[in-house]
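Working notes for the structure below.
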There are 2 protein chains.
Amino acid sequence: MARGTLREAPRSDKNGNAELLQAAAECFMEQGFHATSIDDVARRLGATKGRVYHYYRSKTDLFFDVHREGMRRNFEAVRPVVRGPDKGGVRLRAMFLRHALSMMENLAFETVVVQGVHMHRLAATTPEQRRVLNELMTIRNDFEALFKSVAYEGVEDGSIKAPDVSIAIKAALGALNWICIWYRPRTGETEDDRLILAEKIVDTIMHGLAAEAE
Amino acid sequence: MARGTLREAPRSDKNGNAELLQAAAECFMEQGFHATSIDDVARRLGATKGRVYHYYRSKTDLFFDVHREGMRRNFEAVRPVVRGPDKGGVRLRAMFLRHALSMMENLAFETVVVQGVHMHRLAATTPEQRRVLNELMTIRNDFEALFKSVAYEGVEDGSIKAPDVSIAIKAALGALNWICIWYRPRTGETEDDRLILAEKIVDTIMHGLAAEAE
DNA sequence: GTCTATATACTGATAGAC
DNA sequence: GTCTATCAGTATATAGAC
């Protein structure tokens, strides 16, 4: 594994072999990182190992790139609604909604991101791989911080309340990330169906389960 | 894997080698099912493979038994508060609280349960193993159904409201199960610390993030 | 760029000593 | 009941043909 000589930049071109990333994401989603062999990924591509190893030096590097792409999509989904004239509570709700939709529409990539969070403290990585993993975790933390900062703005302007904002965000993101455990697209499902589902989830997060009456 | 001859009952004694289960749970939590070798489990026990294989016929069987024990603890934790004179909302809150505490106190086992849910549709199991896995999923569904039924009672008595009770429960359990991703016991942590943390999470679930004022 | 070997290593599971 | 070999299968990664 760890060699004396350290090669330079990974083979992966920035352009990105989108097809390869997608195939890998699907395999990792269905079988998990360790149970997925490079042959599995290649087979799904209708190719052989050679093609995969031409772009990625190792299975771990491939996994990391899928993870990175998943996080890129996460940011892309919520970024447009982070800032704006609305109160913090309104913007936070919009962010939750977009994240929920992103979970459903990028199910394979999102599942890999969740797995990646799980692998955080995993051993068996080279120093270089650990560096990349730490970088990915920083990105993940920044993502969570984005929600937190908007939530705090909501507390300031009176549109958000919580016993502990940091914990509340963890709970809310937990509810959303959990989507990738139970959600599976039904045949013939429309974008509207997903929106309705996302609204129900986000409403629950925003208003809770307790009836106001008490 | 699949043999012509089918052996009878698994070697595992019902008494349960608690020490073995605990060691396995910890390994599975830290490295996941596939990355954990039987040698890892044995090493943690200060023993060798022989001991493990004396009790379990395969790594999968061992994993399933850890999973089963995790679910047993889940039921044990919430069962005392499912029924009672209180309104549905009050009982549901108590169930959430106990589940949250159970997540923290049985972190290793709970993490395995979460992994097990993930493995649901995984291939590469013998017919017998698939039978056991289905049984475990049924148990898991029953657990979720327990929360749902109390939530419906709450809707009836006016103490619970949600746009969709089934979805709301999935969201709430997602927030709670997600605990095993980010929670790690701090040194010197007391039971009270955990209770405070659990209360914050459950309050968020019950009352949401939106300020009532609107 | 992609394929076909192939080296190398690991690990799940078994057999049999003690 | 636990340990020490050991086998067999599989998977990562490489080398080199095309």
Side-chain angles (χ1 to χ4, degrees), chain A residues 1-8 10-21 23-24 27-28 30-66 119 122-126 128-129, chain B residues 1-21 23-24 27-28 30-66 119 122-126 128-129 132:
Chain A
M1 315 288 171
R3 311 270 164 53
T5 62
L6 217 62
R7 301 192 196 163
E8 19 268 274
R11 284 177 201 149
S12 149
D13 306 341
K14 280 292 178 289
N15 73 0
N17 198 326
E19 205 184 358
L20 207 171
L21 278 184
C27 289
F28 289 142
E30 290 172 11
Q31 319 196 49
F33 174 74
H34 283 99
T36 297
S37 72
I38 297 285
D39 281 320
D40 290 335
V41 177
R43 199 174 308 122
R44 184 166 296 234
L45 273 169
T48 64
K49 277 199 254 256
R51 176 151 167 211
V52 177
Y53 277 107
H54 178 74
Y55 291 99
Y56 292 94
R57 205 195 305 168
S58 74
K59 187 169 81 161
T60 306
D61 288 321
L62 173 58
F63 182 84
F64 285 164
D65 223 30
V66 175
M119 284 171 72
L122 243 69
T125 45
T126 68
E128 167 63 10
Q129 287 173 349
Chain B
M1 314 285 175
R3 311 270 163 54
T5 63
L6 218 61
R7 302 190 195 163
E8 20 268 275
R11 285 178 199 146
S12 148
D13 304 342
K14 279 292 180 288
N15 74 359
N17 198 327
E19 206 183 356
L20 207 171
L21 276 185
C27 288
F28 289 142
E30 290 172 12
Q31 318 196 50
F33 173 74
H34 282 99
T36 297
S37 72
I38 298 285
D39 281 320
D40 289 335
V41 176
R43 201 175 305 123
R44 185 167 294 236
L45 273 169
T48 63
K49 277 202 255 256
R51 177 152 165 212
V52 177
Y53 277 108
H54 178 74
Y55 290 99
Y56 292 95
R57 204 196 303 169
S58 73
K59 187 169 82 160
T60 305
D61 288 322
L62 173 57
F63 182 84
F64 285 164
D65 223 30
V66 174
M119 284 171 72
L122 244 69
T125 44
T126 68
E128 168 63 10
Q129 287 173 348
V132 175

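Throughout, a chain's letter reflects where its sequence line sits, starting with A, and its residues are numbered from 1.
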In whole Å, what is the span from the [atom1] atom of [X] to the [atom2] atom of [N]?
X	N	atom1	atom2	value
B/L62	C/dT11	CG	P	16 Å
B/L20	D/dC3	CG	C1'	15 Å
A/H54	D/dC18	NE2	P	19 Å
A/D39	D/dG9	CG	C1'	14 Å
A/Y53	C/dT6	OH	P	18 Å
B/D61	C/dG12	CG	P	13 Å
B/F63	C/dG12	CZ	C1'	16 Å
B/K49	C/dA15	NZ	C1'	13 Å

Assign each of A/G50 and B/G50 to its nearest nucleotide of DNA chain D by heavy atoms, then name whichever residue's nucleotide is nearer the 5' end.
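Its nearest nucleotide lies further toward 5', so the answer is B/G50.
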For B/A47, check side-chain contact (heavy atoms from CB on, under 4.5 Å) against everything at least two apart and list the hits.
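If we apply the side-chain contact (heavy atoms from CB on, under 4.5 Å) test to B/A47, skipping adjacent residues, the hits are B/L45, B/R51.
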Select base, sugar-phosphate, or nothing to describe what B/T48 touches, counting heavy atoms under 4.0 Å on all strands.
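Here B/T48 touches the bases of the nucleic acid.
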Does any non-hydrogen side-chain atom of [Y] lie less than 4.5 Å from one of [X]?
X	Y	result
B/F33	B/T60	yes
A/V52	A/K49	no
B/Y56	B/L21	yes

Under 4.0 angstrom between A/Y55 side-chain N/O and C/dT2 OP1 or OP2:
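Checking A/Y55 against C/dT2: at least one side-chain N or O falls below 4.0 Å of OP1 or OP2.
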Counting side-chain heavy atoms from C-beta on, which of C/dC3, D/dT12, C/dA13 comes nearest to A/S37?
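So the side chain of A/S37 is nearest to D/dT12.
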Quick one: which of D/dA13, D/dT12, C/dA13 gets closest to the side chain of A/S58?
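That would be D/dA13.
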